[in-house]
Amino acid sequence: MKAVIRQQNNMEKRVTLVVVFWGIASFLLGYIGFFNLIPRPIFGAVVVLILLSLILSYQFNSRFKDFCNSIPLKAIALFHTWRIFAGWIFLSFSGVLSETFINNAAYGDIISGFLGLSVFVFGHTKLNYYIFNIIGLLDFIVAVGTGISLTIICDAGMAPIIQLPLIMIPLFGVPLSGFTHFISLSRLVKMKDVNLTEIIE
């Protein structure tokens with residue numbers, strides 16, 4: 001039992017260190033303007049690669065998977081409230097950032113953030129989690145797809161997204177959001193013995 005607890009604590013420390021390092025690295029890359037020095041489409045590929053790395057780690061690393069599955073679904077829902085502020089930041093860059101991207105990303109982020117908050121506060125049923133995660137994931141797909149498409153065609157309005165402070169959203173927040181939607185839906189699908197209206201803690 002003590003060995004299991006020790007392994008869990010070690011995994012928690014490792015994940016924390018990776019997330020902290022990832023956040024600092026994202027900030028520094030934005031600070032030095034790293035992605036201004038290389039072809040812009042590579043930025044989109046890096047974001048997708050980070051997300052795929054998280055998903056593959058979850059699928060093939062049992063300890064990491066156990067750690068992720070130990071996180072309460074309501075805590076994951078609460079985490080997504082950061083998207084309210086992300087959407088607001090996008091809107092504050094109106095006239096600088098691509099209007100197409102703002103329209104496709106900002107409002108969906110705000111809705112997803114408030115959905116996460118409402119699930120955390122008012123209802124923890126399987127159905128509520130499904131609604132939140134599906135809508136949040138659809139917004140994620142639309143926003144990321146729009147961002148990558150505009151980046152590939154070198155839309156000048158996407159230049160701010162690879163600079164501080166906006167770079168922290170796609171390089172750090174987006175992969176975490178996509179990944180937590182993935183693990184939430186994976187866990188919900190496996191709850192075959194739980195009906196849609198049953199409370200999940």
Side-chain angles (χ1 to χ4, degrees), residues 15-55 57 71 75-118 120 132-133 135-184:
V15 171
T16 301
L17 285 173
V18 169
V19 171
V20 170
F21 175 79
W22 174 13
I24 293 173
S26 299
F27 177 86
L28 291 176
L29 288 173
Y31 181 76
I32 66 175
F34 175 77
F35 289 102
N36 288 317
L37 306 175
I38 60 178
R40 196 172 295 173
I42 293 178
F43 179 72
V46 169
V47 173
V48 173
L49 183 61
I50 293 172
L51 176 58
L52 288 177
S53 297
L54 291 171
I55 293 174
S57 296
I71 302 172
I76 292 176
L78 181 63
F79 162 74
H80 280 262
T81 58
W82 81 272
R83 292 165 74 174
I84 298 172
F85 305 101
W88 176 79
I89 291 173
F90 286 147
L91 290 173
S92 71
F93 274 77
S94 181
V96 180
L97 192 61
S98 167
E99 289 299 319
T100 300
F101 179 76
I102 291 175
N103 291 332
N104 288 355
Y107 302 107
D109 266 341
I110 292 171
I111 291 170
S112 298
F114 276 113
L115 274 175
L117 182 60
S118 64
F120 176 79
F132 156 64
N133 279 289
I135 291 177
L137 189 58
L138 287 174
D139 166 65
F140 173 81
I141 292 170
V142 171
V144 172
T146 301
I148 291 176
S149 298
L150 293 174
T151 300
I152 288 174
I153 65 174
C154 296
D155 187 311
M158 291 303 291
I161 207 73
I162 58 174
Q163 303 165 358
L164 286 176
L166 291 183
I167 194 173
M168 296 300 293
I169 296 175
L171 201 57
F172 186 69
V174 165
L176 274 177
S177 295
F179 176 62
T180 50
H181 276 312
F182 173 81
I183 62 175
S184 293

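Hydrogens, waters and symmetry mates are skipped; everything else that's a heavy atom, side chains included, is used.
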Only distances under 3.5 Å count here; give the side-chain donor-acceptor pairs of residues 101-111 to other protein atoms, sequence neighbours excluded, each with its distance to 0.1 Å.
residue, atom, partner, partner atom, Å
Asn103, ND2, Glu99, O, 3.2
Asn104, ND2, Thr146, OG1, 3.1
Asp109, OD1, Arg83, NE, 3.1

Self-check item: Heavy-atom pair of closest approach, residues Ala75 and Ile71
Solution: CB-CG2, 4.2 Å

Quiz item: Taking all non-hydrogen atoms of both residues, which atom of Pro170 and which atom of Pro175 are closest, and how far apart?
Solution: O-CD, 3.1 Å

Quiz item: Should the ring pair Phe179 and Phe182 be called parallel, tilted or perpendicular, given that the plane angle runs from 0 to 90° and is split at 30 and 60?
Solution: parallel

Find out whether [X] and [Y] are in side-chain contact, i.e. whether some heavy atom of one side chain is under 4.5 Å from a heavy atom of the other.
X	Y	value
Phe132	Ser118	no
Leu51	Val144	no
Leu176	Phe79	yes

Can I get a per-line list of side-chain donor-acceptor pairs under 3.5 Å for residues 148-166, giving both atom names and the distance, sequence neighbours left out?
residue, atom, partner, partner atom, Å
Ser149, OG, Gly145, O, 2.8
Thr151, OG1, Gly147, O, 2.6
Asp155, OD1, Gly157, N, 2.7

Self-check item: Partner residues of Trp88 under the side chain to side chain donor-acceptor pair (under 3.5 Å) criterion, sequence neighbours left out
Solution: none

Quiz prompt | Counterpart residues, side chain to side chain donor-acceptor pair (under 3.5 Å), relative to Thr180 (two or more places apart) | solution = His80

Quiz item: If you measure from OG1 on Thr81 to CG on Leu115, what distance do you get to the nearest 0.5 Å?
Solution: 12.0 Å

Exercise. Rounded to the nearest 0.5 Å, what's the gap from CG on Leu117 to OG on Ser112? Could you check?
Key: 12.5 Å

Quiz item: For Phe114, does the CZ atom sit with more than 12 other heavy atoms under 6.0 Å from it, leaving out its own atoms?
Solution: no

Practice problem: Return the set of residues passing ring pair (Phe, Tyr, Trp, His ring centres under 6.0 Å) with Phe35 (not counting sequence neighbours), or none when no residue passes. | Solution: Phe43

For residues 19-30, run the donor-acceptor check on the side chains, cut-off 3.5 Å, and write out each pair with its distance to 0.1 Å, sequence neighbours left out.
residue, atom, partner, partner atom, Å
Trp22, NE1, Leu171, O, 3.0
Ser26, OG, Trp22, O, 2.8

